[in-house]
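Note: hydrogens, waters and symmetry copies are ignored here, and every other heavy atom, side chains too, is used.
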Amino acid sequence: MPAEVVVEYDKAASLWSLHEQIKQIEAAVEEAAQSSSRRSKWQFMGARDAGAKEELRQVYGVSERTESDGAANLIQKLRAINYALGDLGQWCAYKVAQSFLTALQNDERANYQLDVKFQESYLERVVLLLQCQLTEGAVTDKDTKVSDNGNDNIQDGPGFDEIEEGELPDSHVVSGGEHVDVIIGAAVADGKVTPKVQSLIKVLLRYQHTEDFRAIIFVERVVAALVLPKVFAELPSLSFVRCASLIGHNNSQEMRTSQMQDTIAKFRDGRVTLLVATSVAEEGLDIRQCNVVIRFDLAKTVLAYIQSRGRARKPGSDYILMVERGNLSHGAFLRNARNSEETLRKEAIERTDLSHLKDTSRLIAVDSIPGTVYQVESTGAVVSLNSAVGLVHFYCSQLPSDRYSILRPGFIMEKHEKPGGPTEYSCKLQLPCNAPFEELEGPVCSSMRLAHQAVCLAACKKLHEMGAFTDMLLPDKGSEEEKDKVDQNDEGEPLPGTARHREFYPEGVAKTLQGEWILCGRDGCNNSKVLHLYLYGVRCLNIGTSNDPFLTQVSNFAVLFGNELDAEVLSMSMDLFIARTMITKASLVFRGRIPITESQLASLKNFHVRLMSIVLDVDVEPSTTPWDPAKAYLFVPMVSDKSVDPIKEIDWDLVENIIGTDAWSNRLQRARPDVYLGTNERTLGGDRREYGFGKLRHGIAFGQKPHPTYGIRGAVAQFDVVKASGLIPKRGWDATETQKLELTKGKLMMADTCVNADALMGRIVTAAHSGKRFYVDSICYDMTAEISFPRKEGYLGPLEYSSYADYYKQKYGVELKFKQQPLLRGRGVSYCKNLLSPRFEHSDSNEGDAEENLDKTYYVFLPPELCLVHPLPGSLVRGAQRLPSIMRRVESMLLAVELKDIINYPVPASKILEALTAASCQETFCYERAELLGDAYLKWVVSRFLFLKYPQKHEGQLTRMRQQMVSNMVLYQYALNKGLQSYIQADRFAPSRWAAPGVLPVFDEETKDGDSYIFDQEKSLAEDRTGMNHLDDGYENEIEDGELESDASSYRVLSSKTLADVVEALIGVYYVEGGKNAVNHLMKWIGIQVEFDHEEIDGASRPFNVPESVLRSVDFDTLEGALDIKFNDRGLLIEAITHASRPSSGVSCYQRLEFVGDAVLDHLITRHLFFTYTNLPPGRLTDLRAAAVNNENFARVAVKHKLHVHLRHGSSALEKQIRDFVREVQDELLKPVFNSFGLGDCKAPKVLGDIVESIAGAIFLDSGRDTAVVWKVFQPLLHPMVTPETLPMHPVRELQERCQQQAEGLEYKATRSGNLATVEVFIDGVQVGVAQNPQKKMAQKLAARNALVVLKEKETAEAKEKSDENGKKKRNGNQTFTRQTLNDICLRRNWPMPSYRCVNEGGPAHAKRFTFAVRVNTTDRGWTDECVGEPMPSVKKAKDSAAVLLLELLNKRYS
């Protein structure tokens, strides 16, 4: 019990003058309110007409308020100020008044609400009055400027116009605390602070050096609870205090429950050390760290006096009572409270007197008070005779139960009569069948009441000793440790273990790739030094065929490593998805260990950088690029002929030719030439999702100066500027004469040289006018620059170019000199792609068009004189574009091998890689199948471990303990402890973000390339665009797994759920590949301890001594015949069919067996599905498991095999529900080939599914814990097992997925009338289905099923109508005119971009509908009419709908 300390303080000096003046203001307020003419706010603002009034009502959405409305609220504020003035002092009263005033001034209604203006005018008078009285510098000059600077230190608070008496907003803080702190005595003398507040400050200063100081101050008024923390915050001497308020729900300044819980949590963990609280904290607040309780205002009742003292929970605490010196009422209350408490204590002792008991040693510990209580020494928790009865009843109510069983203790009183002596009594306690023990004999007592209490006290002691009670003598809910847990942090961030909890983790690099040798081979290198490296050739085998010759015309490569690769890496074959009908299987082949001199290494490094800078589109120089020894390997070209000496297989001639050419000095021949020219869409700040160049289009739409090189399909560079920059060499010959000469010799005049036409085939050329690169597919001798320019299919505008020469002249400003030269047909050199993900969709409906669309390629026709021949051959680049994908897989495999070596158990590394690869990688494998199996196995082994280790725990405790061992949060911590985050592959491979040795990715292109623009105007414009907001129809999305931010190339984002899933996937993989020994080894390495001593467990097993009467009541022959098994211990079988509603007869209920049986069936069925359907996708496998492992399916199994007739229960309601369900199931079974797999039309009683699981648990124990016996029994019971062909989809899910695909709004509306629930289904506001059922979920399922029937009938009818329209659509072509086409026209005609406007946005959050209108300002005819589109489920579709209408309008206008 805390030490009670009384602190006296002097009575505050009278501030009669100030009190009277405030009361006069209060009287004036009442008089003004009564005499008010109730002018409305509209008159106050001068809104004379009804239209203005209505408009303001729509804008502000409030009703009229008058002076009288504000008077009542203002009077309450004035009374709060008066209270603070008398009880706390002038300084606090000023802070209260100033807070009220600034809150009104910050109210957005202050400009038009009459009641707000009315309150503000009077509060200004009060603030001015209090300011005049605050002398000696307590308030600084800046604080006196209320209207000017008062708003700077204000925080908005809710509902300040409705503040009740005694309230204070959490807002303004008045300076002056430091001054008051220094001259506290003078401040008290002047009335700035009352002696009561001064005494409180002195009390707090006593604890300045107290370790782990935690205090609660109890006050009577809310205004005091809110203003005192502000006072303490202003006093430098109390800087050691971190204070907060805690108030209740009694007024509009109430704290929400979440705010109260947050404040208490901060006080609990030390972020707040002082609480100023009202009576809301007097009871129910259990914080053991609290060591000081101060009653600033005395309690009103003895109960409040006792309860507030009880908040001081820490041993050695202080309970401080502040009383006014000489106040008789204060002294009388303390005497009365102490006397009353002593009276209550004596009464409690009398009620628990055990002097009549015999053999009290059976009840209590020797060192406790004899005959009264049982106490736990470690915590001090006590249970007495009086509280023991209620505690036993409370324990029974916390045992697992359902609505058919009401668990309560039973008492049998036995009378003991002795001749010539008093009559005595003893009581026998009977607990429910799922308690650790069922019966307990109590001691003999002098009365029935004491016998009742004594046996309950003995039961509490025994339950605590058996672990059913915690050390706080409360029912154990399964927690191993009693900790105060906070659900989320202060910022509301998600908890670890959830999918939304994401963090940055470094990307792992295998140690095999490390090597200091990569730093050698620099300028001035020593050729005498020889490095021995490992050469691995890249072998590619094409599966399938393609009409594209470029796919097979690729160069051969090899990779140089500093260390030898693991054999499992070499045995790995990866699929590269090259084309729709062709897959390339790639692998590494060891060619040998070769010696490399430093000069040779320098050449190879130079070649590697030149090649990969083009492939990855990163502009780096070999001489300056950084090399990281953490990732050391090189790509080298190989000759086609195999050689005995591996070093001769390297194509040294090609290496020297590429690194020695002068072409690299031309900026257009290096990486990112379009960036250098200013024609790259990413440099221009575009958005590729919508036509590109979103920022520039936005600028053009608002009349800004267009980019000097901005064209129809992107930016273009004026050719005369390109030539002037020196990027194209000048020719020294006459064009007319040379043209005829060269054409006859099969020569072509290029931008920088003259080449043979045949040698140009398959090479790469760079377009000098755009900076883009193309493969030369063929030379079109039948096409020249003088032929007519083709019209774009579907284009609505006029033909603008007469020939190719005219096109280049108008668009690029270049006058072609060799117009008679044949044009080059080129194919764009694409960016390096992710070849590990299947990029092509195969559809049976398109098989006829497969050949037509197989090799659909887009070509461009280029004048040779605008093209530069690139130094890299086309076949070399195409071959090198495969290398990033190959090395991504090799790097991942090396990490898997490394993890395998750490775990130290022989499991294929390829399977470990599968367990480390998330579905977000979008590769051909992922961990989801293994995770499903691992989840079931982990649940099984943990359930088995807990069941056997804790035979006294009931099912509820076991379930909570299992959750603590297998929850995602726990698995996430295991993964972090083992560093699994470095091995996980969670991001879809993006070559643009992949870092090759010596070629790091570029993330901030505008910053990096800003200084290399050759157009000064472009540079300045790009700088101006840096601060512009990016306008787009989409919304900012959360970072997904694996995504990177900014230039954090070595970091990626992973959700903590991904880490937990990987742990389960590893368990699944090790179980499949190595069996139980392998998975047990893995779990032990991870830290999951599920091993136990079999001998110890066998010795602790509880024997099943079943009464003979119970054995005779069960038809074992029929039951065992249905199961096709003979039990060794029939007591297990009886327990498996005994419900908790059955009166206890020495047999436990089935709940513990159900716990272990549920886990074993889940594991066995999941394992069966996993190995049976090896090629089934993870999603379908999950659906199969859900359909097979569910209570509805198990209940039907019980009925089918008549297991339900053996159920032992004691509930007539349960009997009726089972009978009704059996009738429904029998009707289902009459249907041919029908199996609902849990999706039938009737809801099964959970009890029937539970006994199937409990029987599985009983078989598991009876067979010596052999799961094979369980599966042998249950495989025929579960037949027919669900298959992918018979798998039903839940109607609710099917309807939801359909609506999501169709972008339709789905809504359910449920009502209940008596025992009947009605559910209606609405799609886009139209009712399509309805159903009724006593159970709401069943009604929802039936309503969804009815809706699906209606929708399918509607789709069938619409399909017939659409078949007639298909011919029309084919005749009109398949061109789609959307915003892209509209933007195209605007750019060609130099019109501003179209102006879109949202006309309407409505519907529920899950089914939004948008309607947009669009118009365009044509330069010749002005603004068009506004076209309004149809309501659409997304903004983009709504804009497209409007754009189609405007295109039709423009077509009519300009046709």
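To the nearest 0.5 Å, atoms CD (Gln208) and CG (Leu238) are separated by 8.0 Å. Annotation: the span from Ile294 atom CD1 to Leu275 atom CG amounts to 11.5 Å, rounded to 0.5 Å. In this structure, the separation between CZ on Arg242 and NZ on Lys266 is 11.5 Å, given to the nearest 0.5 Å. Atoms CD1 and CG, on Ile217 and Leu246 in that order, are 12.5 Å from each other to the nearest 0.5 Å. The CG atom of Asp297 lies 11.5 Å from the CZ atom of Phe218; values are rounded to the nearest 0.5 Å. The distance from atom NZ of Lys77 to atom OH of Tyr122, rounded to the nearest 0.5 Å, is 14.5 Å.
A side-chain donor-acceptor contact under 3.5 Å links Asp318 and Tyr207.
Val197 is listed as a side-chain neighbour of Phe296, based on a closest heavy-atom distance under 4.5 Å. Contact annotation: the side chain of Thr194 never approaches that of Asp87 to less than 4.5 Å [non-hydrogen atoms, C-beta and beyond]. You'll find the side chain of Gln964 stays beyond 4.5 Å of the side chain of Val970, heavy atoms only. The closest side-chain heavy-atom distance from Glu220 to Leu298 is not below 4.5 Å. Between Tyr9 and Arg325 there is no side-chain heavy-atom pair separated by less than 4.5 Å. Annotation: side chain of Phe240 is not in contact with side chain of Thr210 (no heavy-atom distance under 4.5 Å). Between Thr263 and Val272 the shortest side-chain heavy-atom distance does not fall below 4.5 Å. Between Glu120 and Leu101 the shortest side-chain heavy-atom distance falls below 4.5 Å.
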Starting from the C-alpha separation in whole Å, work towards a yes-or-no answer on side-chain contact (heavy atoms from CB on, under 4.5 Å) for Ile81 and Leu123. CA-CA 10 Å; Ile81 296 171; Leu123 281 176; 4.1 Å; yes
Chi angles and distances behind the side-chain contact (heavy atoms from CB on, under 4.5 Å) call for Val193, Val231: CA-CA 10 Å; Val193 177; Val231 172; over 6 Å; no
Could you check Arg295 against Tyr319 for side-chain contact (heavy atoms from CB on, under 4.5 Å), going step by step and ending with a plain yes or no? CA-CA 8 Å; Arg295 291 277 349 179; Tyr319 182 47; 3.5 Å; yes
List the steps, then state whether side-chain contact (heavy atoms from CB on, under 4.5 Å) holds for Leu473 with Cys460. CA-CA 8 Å; Leu473 291 179; Cys460 291; 5.7 Å; no
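Under the rule for a side-chain hydrogen bond (donor to acceptor under 3.5 Å, both in side chains), the partners of Glu26 that lie at least two apart in sequence or sit in another chain are Arg79. The side-chain hydrogen bond (donor to acceptor under 3.5 Å, both in side chains) check on Ser329 picks up Asn327, with sequence neighbours excluded.
Contact detail for Pro475 and Gln398: the closest heavy-atom pair is CG-CG, 4.2 Å. Listed here is the closest heavy atom pair of Cys92 and Leu88: CB-CB, 3.6 Å. Of all non-hydrogen atoms in Val223 and Tyr83, the two that sit nearest each other are CG1-CD2, 3.4 Å. The shortest non-hydrogen separation linking Phe267 to Ile216 is CZ-CG1, 3.9 Å. For the residue pair Ala312 and Ser317, the shortest heavy atom distance occurs at CB-CB, 3.6 Å. Ala225 and Val276 make their closest contact through CA-CG1, 3.5 Å (heavy atoms, listed as atom of the first residue, atom of the second, distance).
Without hydrogens or angle criteria, Thr278 side chain to Val222 main chain gives no donor-acceptor distance under 3.5 Å. Looking only at distances, no side-chain donor or acceptor of Ser387 sits under 3.5 Å from a matching main-chain atom of Val383. Distance alone, capped at 3.5 Å, is enough to place a donor-acceptor pair between the Asn291 side chain and the Arg214 backbone. At distances below 3.5 Å, not a single donor-acceptor pair connects side-chain atoms of Asn82 with backbone N or O atoms of Leu78.
Exactly one residue among Tyr374, Phe394, Tyr395 makes a ring pair (Phe, Tyr, Trp, His ring centres under 6.0 Å) with Phe469. That residue is Tyr395.
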